[in-house]
Amino acid sequence: MNLKKVSLLVVLLLIADQALKIWVKTHMHIDESIVVIPDWFQLRFIENNGAAFGMHIASGEGFDWGKLLLGLFRIGLSGAIGWLIVRLLRQREPAPKGVIVGLALIFAGAVGNIIDSAFYGLIFSDSTPWTVARFGGHYAGFLMGRVVDMFYFPLFQWNSVPPFLRFLVDSNNYFFGAIFNLADAYISVAVVYLILFQYKYFNK
């Protein structure tokens, strides 16, 4: 696997992630749901301040320094992963293809969510369909935009949830109430894959 193929993979992953997010952003109202598979899978449009799987970052009044720091951290981490991919491809004994693909998925996922927070606040004016900035002004500055999430799997209700497991359910007590996007999925799948199947390479 060479750098050109990895770059093409990352571009295709980013296009898929951004195309879905922009479609949801421009065709759905905030908290609107489209049932794809009854009682199992929905497209549900929410936005969050930058954390993964629909989680929100608490911020007080005034400028959101936490969100800015998260954005800068993500940019730095993405740069480090990109550098690592290039280094692994150029070393005398190239890393296994699975390692490179896994790191490319993580890189694409991180960059996909960076694009949301960096530019969506400048492109879109608010959370209603078709309200792009040229029609009404942007709602947030650079790195201050919100991340678009849409995949929702309300698997079953768990009505007697212990307090320490509340994070596993949503406000209606549906198990795995997290709402996530393609970028989150890229990262999660890649991390699990690397841990389960490529740990020997990293140990070495």
Problem set entry | Ile100, Leu103, Val101 screened by side-chain contact (heavy atoms from CB on, under 4.5 Å) with Val6, the one that passes | Ile100
Only counting residues at least two apart or in another chain, list the ones meeting side-chain contact (heavy atoms from CB on, under 4.5 Å) with [X].
{"X": "Ala19", "result": "none"}
{"X": "Val35", "result": "Pro38, Gln42"}
{"X": "Ile15", "result": "Val11"}

Problem set entry | Same apolar cluster (I L V M F W Y, side chains within < 4.5 Å links), Val189/Leu196 | no
Exercise. Among the clusters formed by ILVMFWY side chains lying less than 4.5 Å apart, do Phe197 and Ile195 turn up in the same one?
Worked result: yes
Exercise. When you look at CZ of Phe202, are more than 12 heavy atoms from neighbouring residues, nucleotides or ligands closer to it than 6.0 Å?
Worked result: yes
Exercise. Do you know which two heavy atoms are closest between Leu9 and Ala104, and how far apart they sit?
Worked result: CD2-CB, 4.1 Å
Exercise. Which pair of heavy atoms, one from Arg44 and one from Ser33, lies closest together, and at what distance?
Worked result: CG-OG, 3.3 Å
Exercise. What do the steps show when you test Tyr152 against Ile46 for side-chain contact (heavy atoms from CB on, under 4.5 Å), and what is the final call?
Worked result: CA-CA 10 Å; Tyr152 180 45; Ile46 69 162; over 6 Å; no
Exercise. Taking only residues two or more places apart in sequence, or in another chain, which ones meet Tyr201 in a ring pair (Phe, Tyr, Trp, His ring centres under 6.0 Å)?
Worked result: none
For this session: List the steps, then state whether side-chain contact (heavy atoms from CB on, under 4.5 Å) holds for Asn181 with Asn113.
Result: CA-CA 9 Å; Asn181 56 43; Asn113 283 334; 3.1 Å; yes
Seminar exercise, completed: Residues pairing under salt bridge (Lys or Arg N to Asp or Glu O under 4.0 Å) where one sits in residues 99-119, two or more places apart or in two chains, turn out to be Lys21-Asp116
Exercise. Which pairs, with at least one residue in residues 150-164 and sequence neighbours excluded, count as a salt bridge (Lys or Arg N to Asp or Glu O under 4.0 Å)?
Worked result: none
Exercise. Parallel, tilted or perpendicular: which fits the ring planes of Phe180 and Phe153, with parallel below 30° and perpendicular above 60°?
Worked result: parallel
